[in-house]
Amino acid sequence: MVDEELHFLLIQCYNYNNRLLARKTMAAGLHLLSGQPKILECLWEADGSTPGDLSRHCALDKSTITSLVSKMEEQGLVSRRAHSADRRSVRIFLTERGRKLAAAVKQVGYAVDECALQNLSPEEQRTLIALLGRVRRAFEEEM
């Protein structure tokens, strides 16, 4: 049965997670494009990341990152600055407006996490997160 196949369950969880994130993001009045919340969260954790860093952390193509960052720059959420060690590269920084939105996005993320984990004990939650981290690393090694 497909409901017992890992790849199918991962796809279902991914889709439900994205839809709930989008719904809660809109409900919070954070009018963001798909993918922008991930970038805001990544920059919240590692402000000054390069597009390549964001691509790896957000699991998005570099071209998608470039497009989203350009739109975010137009929206006043981020700024690009030349990389101090490599003039061919840029680093992406949150603006003050971007920082406020990133903080709000983090809260939405916590609410979605609560929904996802509500039927698990604290021990099961820790185990699930650890196991998913290992699954992600296995995928990364194949890429």
Side-chain angles (χ1 to χ4, degrees), residues 1-83 85-86 88-95 97-143:
M1 290 213 115
V2 292
D3 285 344
E4 296 173 0
E5 296 174 14
L6 178 61
H7 71 277
F8 193 79
L9 288 168
L10 288 173
I11 288 168
Q12 285 181 314
C13 289
Y14 172 81
N15 287 325
Y16 285 130
N17 181 73
N18 277 353
R19 288 197 306 232
L20 188 56
L21 274 170
R23 192 174 76 205
K24 288 188 174 291
T25 299
M26 289 302 284
L30 307 177
H31 309 283
L32 297 166
L33 298 174
S34 178
Q36 287 181 333
K38 281 194 250 186
I39 293 173
L40 288 172
E41 280 195 274
C42 285
L43 291 172
W44 178 265
E45 298 288 326
D47 205 18
S49 292
T50 65
D53 295 335
L54 291 174
S55 176
R56 281 186 298 283
H57 288 112
C58 295
L60 295 171
D61 292 333
K62 280 188 182 181
S63 61
T64 302
I65 293 291
T66 300
S67 174
L68 287 170
V69 166
S70 292
K71 182 68 175 166
M72 293 170 78
E73 194 170 30
E74 290 171 17
Q75 294 171 299
L77 303 177
V78 299
S79 64
R80 296 182 219 215
R81 298 183 206 152
H83 195 291
D86 181 359
R88 296 170 295 160
S89 182
V90 296
R91 294 176 56 194
I92 314 299
F93 291 89
L94 290 170
T95 62
R97 181 168 183 256
R99 246 187 288 309
K100 288 177 184 172
L101 274 179
V105 165
K106 289 295 279 182
Q107 294 308 309
V108 168
Y110 294 142
V112 171
D113 287 353
E114 262 184 50
C115 175
L117 299 172
Q118 67 186 338
N119 295 325
L120 303 177
S121 71
E123 178 64 26
E124 289 171 323
Q125 291 175 21
R126 287 187 294 276
T127 300
L128 175 64
I129 290 167
L131 290 172
L132 285 173
R134 289 169 55 188
V135 168
R136 183 193 65 220
R137 283 189 293 282
F139 282 129
E140 288 170 344
E141 290 170 6
E142 287 295 317
M143 302 308 285

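Side chains included, hydrogens not; waters and symmetry mates left out as well; all remaining heavy atoms used. Everything numeric in this text was worked out from a predicted model, so none of it was measured.
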E140/R136 ion pair, N-O < 4.0 Å | yes
Is R80 reaching over with its side chain to a backbone N or O of E73, donor-acceptor style, under 3.5 angstrom?
-> no
Give the table of side-chain donor-acceptor pairs shorter than 3.5 Å for residues 125-135, with sequence neighbours excluded, one pair per line with atom names and distance.
from : atom 1 : to   : atom 2 : distance (Å)
Q125 : NE2    : L117 : O      : 3.3
Q125 : NE2    : L120 : O      : 3.0
R126 : NH2    : E123 : OE1    : 3.0
T127 : OG1    : E123 : O      : 3.0

Give a yes or no on whether the backbone of R91 and the side-chain of T50 come within a donor-acceptor separation of less than 3.5 Å.
-> no
Measure the spacing between OG of S79 and CD1 of I92 and express it to the nearest 0.5 Å.
-> 8.0 Å
Between W44 and A102, which heavy-atom pair has the shortest distance, and what is it?
-> CE3-CB, 3.6 Å
Taken to the nearest 0.5 Å, the spacing of E124 CD from N119 CG works out to 9.5 Å
Mark yes or no for whether S49, through its side chain, and L54, through its backbone, hold a donor-acceptor pair below 3.5 Å.
-> no
Could you grab the distance from atom CD of E41 to atom CG of L43, nearest 0.5 Å is fine?
-> 10.5 Å
More than 12 heavy atoms of other residues, nucleotides or ligands under 6.0 Å from NZ of K71: is that the case?
-> no
Which side-chain N or O atoms in residues 60-67 pair as donor and acceptor under 3.5 Å with protein atoms at least two apart or in another chain?
from : atom 1 : to  : atom 2 : distance (Å)
T66  : OG1    : K62 : O      : 3.0

At what distance, to the nearest 0.5 angstrom, does CG of L77 lie from OG1 of T95?
-> 5.5 Å
Closest non-hydrogen contact found for P37 with L32 is CG-CD1, 4.0 Å
Which value, rounded to the nearest 0.5 Å, describes the distance between M72 atom CE and R97 atom CZ?
-> 10.0 Å
Grab the two heavy atoms, one from R56 and one from D53, that are nearest each other, plus how far apart they are.
-> NH2-OD1, 2.7 Å
From L40 CG over to R99 CZ, what is the distance, rounded to the nearest 0.5 angstrom?
-> 11.5 Å
Can you check whether H57 reaches E45 side chain to side chain, under 4.5 Å on heavy atoms?
-> no
